[in-house]
Every structure is written in C-alpha cells, then in structure tokens.
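Side chains are part of it too, since the values below use all heavy atoms of this structure and drop only hydrogens, waters and symmetry mates.
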Amino acid sequence: MSTAITELSRFLTITGHRLAAGQSAPQMFSPAVDRAWHELLGTPAYDALCQETAGQPIRHVANNGHGPITWVAAYEAAYGPLPVIWFADAHGTVDEQALTRYRETGTVVAEWDCGPAGGDGDVAPDQPETTRR
C-alpha cells in the first residue's frame, strides 16, 4: 500500500470517528493525499475502504476554507506525528515552511477545497459532491 493510500485510510478512519461523534468532518488539506482519494473515487476498492475504515460510505465534496486543521490531535493520538506527505502538493513538492511550523508548534494552518461527507446525504446544498478527476 502506498503512503498516500495509507494516509487516506487514516483520514477516512478519523472521518468515521468524527461523524459518529457528531463532529464536523475533517478538512482535507493535502493535495497529495487528495490525489490518491480522487484516483480511488467511484471504484469498488474505494467503497470497501470506506466500509473498512469509516464504517460507512464517505463522499468527496467541495468545501473551501482556510484555518487551523482541527483533527491533528486525533491523528497524533492514533498514529503519531503527521508524515511529510500531508505537506506535499499533488506532484510531491513539500511545503517546507508549513512542515517546519508543524514540527515546531504542533499546529497546522492550511487551505482546503474539499472534504468528506457521510454517505447519508448530510452535505449542504452549496457543497456539491465532487467527481473523480
């Protein structure tokens, strides 16, 4: 399993826990992990991964924002520090400044343009489901 798929699996696990607890969905701030997500969307492997990790179907929806990434502490509690891939663009170039800030402060402030939503139609009308690229 590739690093991106491993991290997507962890992200979906956190998504499942947050949705089950009534919390907001986590922000997908890594273009590198999001690229792997797009490659799997709409496949039987993705459906199986969602059931295995989140316990439910997880949709990929448009969701633009910027700010603190609220799920980092949950990730660290389960898996340890965020790996470098979370700070890479879709081509693998690492944002060294953001990575250094995270390593020094333990916080991540980032932009995102998509995120997960539960499979039961809980997406707001202004946040359309995205499709496989």
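- Atom CG of residue Leu8 and atom SG of residue Cys50 lie 8.0 Å apart, to the nearest 0.5 angstrom.
- Taken to the nearest 0.5 Å, the CD atom of Gln51 stands 8.0 Å off from the CD atom of Gln56.
- A donor-acceptor pair under 3.5 Å links the side-chain atoms of Tyr46 to the main chain of Ile58, judged by distance alone.
- Between Val109 and His66 the shortest side-chain heavy-atom distance falls below 4.5 Å.
- Note on residues 20-31: pairs passing side-chain hydrogen bond (donor to acceptor under 3.5 Å, both in side chains), not counting sequence neighbours, are Arg18-Ser24, Gln27-Thr70, Gln27-Trp71.
- Across Thr13, Leu12, Thr6, a single residue satisfies side chain to side chain contact (heavy atoms under 4.5 Å, CB included) together with Arg10, and that is Thr6.
- Residues passing the side chain to side chain contact (heavy atoms under 4.5 Å, CB included) test with Glu76 are Val72, Tyr102, sequence neighbours excluded.
- Once rounded to the nearest 0.5 Å, the distance linking CG of Leu40 with CD1 of Ile5 reads 4.0 Å.
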- Message: Test side chain to side chain contact (heavy atoms under 4.5 Å, CB included) on Val108 and Leu82; report intermediate values, then the result.
- Response: CA-CA 10 Å; Val108 178; Leu82 290 169; 3.9 Å; yes

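- When side chains are defined from C-beta on, Trp112 does not count as touching Asp34, because their heavy atoms never get closer than 4.5 Å.
- Looking at every heavy atom in both residues, Ala74 comes nearest to Ile14 through C-CD1, 4.4 Å.
- The shortest side-chain heavy-atom distance between Trp86 and Pro31 does not fall under the 4.5 Å cut-off.
- Side chains of Arg59 and Pro116 form no contact here, defined as non-hydrogen atoms less than 4.5 Å apart.
- Thr53 has its side chain within reach of Ser9: a pair of non-hydrogen atoms, C-beta onward, lies under 4.5 Å apart.
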- Check step by step if side chain to side chain contact (heavy atoms under 4.5 Å, CB included) holds for Glu7 and Tyr75. CA-CA 10 Å; Glu7 292 308 307; Tyr75 180 100; 2.6 Å; yes

- Would you sort out whether Phe29 and Glu111 count as a side chain to side chain contact (heavy atoms under 4.5 Å, CB included), showing the intermediate values? CA-CA 6 Å; Phe29 71 94; Glu111 293 182 7; over 6 Å; no

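- The minimum heavy-atom distance linking Thr15 with Pro26 is given by the pair OG1-CG, 3.2 Å.
- The heavy-atom pair separating Val61 from Ala117 by the smallest distance is CG1-CB, 3.9 Å.
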Residues 91-100, side-chain donor-acceptor partners within the protein, below 3.5 Å, at least two apart:
from: Asp95; atom 1: OD1; to: Gln97; atom 2: N; distance (Å): 3.2
from: Asp95; atom 1: OD1; to: Ala98; atom 2: N; distance (Å): 3.0
from: Thr100; atom 1: OG1; to: Glu96; atom 2: O; distance (Å): 2.9

